[in-house]
**Student:** 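Just dropping this structure here.
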Amino acid sequence: MSNETILLDIKSVHAVYNKTIKALNGVSFQLRRGEILALLGSNGAGKTTALKAISNLLPAERGQVTSGTIRFEGRDVLSEKPANLVRSGLVQVLEGRHCFKSLSVEENLISGGLGRSSSRREIAADLEHIYAIFPRLKEKRRTASGLTSGGEQQMTAIGRALMSRPRLLVLDEPSMGLAPLVIKDIFRSLKALNREDGLSILVAEQNSTVALQYADHATVIENGVAVLSGSAAEWRSRDDIKAFYLGEGAAFAHDRPAA
Ligand code: ATP
């Protein structure tokens, strides 16, 4: 694959917390420009650690990448400050939909654009674009975020990330704790952003069914290693892969499926 096509390139990344707890044991995967890549795996597999490494956020958690490389558009992520990565178009929505609870939905969104030196007109245009993608946010624009539903807070967190005009949007478990219809709503909006704006998306999910429905490709992480990568469309109909790698249904066979 040419460097033009690859937006994010992760090679043999090892990472630890507190200098001792191993969380990543040689993860490698690539994200192509313009695609949605789902990072799947069970609780504790290393998805969040991989995402934090991509935004160079591990040092803030007493974590550290000990070897391997991470390149975003060819740039060495591990030698960049997280804020610079945001400015260069790599923007992350952390797990747990962090919003400023006492600020209104619109103030939260505007706060996402503060790192950019944008004119009022540009900010107003970006807000309208976000309201077009998430109409519920427009209805709630004057409401304090803390008083909105979990789904609306997730939409606000995503909208705030969009205000910094990402080229790669990284999301950690956007479905967490939300009702199925709300999850569908959010993933449909992400798909629309991908299709209409060409936004590349990396999404870590335990909910593999929904992630595979909207992603182009998927990578499974187990014990800090990427064990399988493939086409989401193909995996949707592969019950053996779902059973073995994604914990769906019972796994009866003893050998892993050829993928
Ligand atoms: P989840 O869906 O629960 O977030 P995950 O796949 O994202 O799971 P990680 O959170 O990356 O997995 O965890 C990978 C390993 O690193 C686990 O063994 C976890 O206990 C450990 N770990 C995660 N965060 C820390 C931390 N701040 N300090 C020490 N160990 C951590």
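Sequence positions, counted from 1, serve as the residue numbers for this chain. Every number for a ligand or one of its atoms is a count from 1 in the order of the listing.
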**Student:** Using a 4.0 Å heavy-atom cut-off, which part of I21 comes near ligand 1: side chain, backbone, both, or neither?
**Tutor:** side chain
**Student:** If you define the side chain from C-beta out and look only at heavy atoms, does anything of S145 sit under 4.5 Å from E107?
**Tutor:** no
**Student:** Under a 3.5 Å threshold, yes or no: a donor from one side chain and an acceptor from the other, between T66 and H14?
**Tutor:** no
**Student:** Using a plain distance cutoff, I'd like to know if A23 has any nitrogen or oxygen under 3.5 Å from a nitrogen or oxygen of ligand 1.
**Tutor:** no
**Student:** When you check the gap from the basic side-chain N to the acidic O, do E73 and R33 get nearer than 4.0 Å?
**Tutor:** yes
**Student:** Could you tell me whether atom 25 (C) of ligand 1 has at least one protein heavy atom nearer than 4.0 Å?
**Tutor:** yes
**Student:** How far is atom 30 (N) of ligand 1 from its nearest protein heavy atom, and which residue and atom is that?
**Tutor:** Y17 CD1, 3.4 Å
**Student:** Is T48 in polar range of ligand 1, meaning some N or O pair under 3.5 Å apart?
**Tutor:** yes
**Student:** Report the nearest protein non-hydrogen atom to atom 2 (O) of ligand 1: residue, atom name, distance rounded to 0.1 Å.
**Tutor:** Q206 NE2, 3.1 Å
**Student:** Tell me, which protein residue and heavy-atom name are nearest atom 1 (P) of ligand 1, and how many Å apart are they?
**Tutor:** N43 OD1, 3.6 Å
**Student:** Would you say atom 20 (O) of ligand 1 makes contact with the protein, given that contact here means a non-hydrogen protein atom less than 4.0 Å away?
**Tutor:** no
**Student:** For K22, is the nearest heavy atom under 4.0 Å from an atom of ligand 1?
**Tutor:** no
**Student:** Going by the atom numbers of ligand 1, which of them fall below 4.0 Å from some non-hydrogen atom of A45?
**Tutor:** 5 (P), 6 (O), 12 (O)
**Student:** Are any of the N or O atoms of T49 closer than 3.5 Å to those of ligand 1?
**Tutor:** yes
**Student:** Could you go through E128 and K138, starting from their C-alpha distance and side-chain angles, then the distance that decides it, and tell me whether this counts as salt bridge (charged side-chain N to carboxylate O under 4.0 Å, His left out)?
**Tutor:** CA-CA 9 Å; E128 280 316 310; K138 188 160 190 174; 3.2 Å; yes
**Student:** For K184, is the NZ atom crowded, meaning more than 12 foreign heavy atoms sit under 6.0 Å from it?
**Tutor:** no
**Student:** Can G41 be said to touch ligand 1, with heavy atoms closer than 4.0 Å?
**Tutor:** no
**Student:** Heavy-atom pairs closer than 4.0 Å: do any link ligand 1 to the side chain of S42, the backbone, both, or neither?
**Tutor:** backbone
**Student:** Closer than 3.5 angstrom, by distance alone: can the side chain of Q153 be matched with the main-chain N or O of T148 as a donor-acceptor pair?
**Tutor:** yes
**Student:** Looking only at non-hydrogen atoms, find the nearest pair between I158 and L171 and report the distance.
**Tutor:** CG1-CD2, 3.7 Å
**Student:** Tell me the closest heavy-atom pair linking R32 and S200, and the distance in Å.
**Tutor:** O-OG, 4.3 Å
**Student:** Apply side chain to side chain donor-acceptor pair (under 3.5 Å) to T156 and N108, showing your working.
**Tutor:** CA-CA 7 Å; T156 303; N108 265 282; over 6 Å; no
**Student:** Answer yes if the side chains of S175 and E205 hold a donor-acceptor pair under 3.5 Å, and no otherwise.
**Tutor:** yes
**Student:** Taking N or O atoms only and a 3.5 Å limit, does G46 qualify as a polar contact for ligand 1?
**Tutor:** yes
**Student:** Among all protein non-hydrogen atoms, which one is nearest to atom 14 (C) of ligand 1, and what is the separation to 0.1 Å?
**Tutor:** G44 O, 3.4 Å
**Student:** Any carboxylate oxygen within less than 4.0 angstrom of a Lys/Arg side-chain nitrogen, looking at D76 and R71?
**Tutor:** no
**Student:** With atoms numbered from 1 as shown, which atoms in ligand 1 lie under 4.0 angstrom from a non-hydrogen atom of E173?
**Tutor:** 2 (O)
**Student:** Run the numbers for me: atoms of ligand 1, each under 4.0 Å from some heavy atom of E61, listed by number.
**Tutor:** 27 (N)
**Student:** Is ligand 1 under 4.0 Å from a heavy atom in the side chain of E95, in the backbone, in both, or in neither?
**Tutor:** side chain
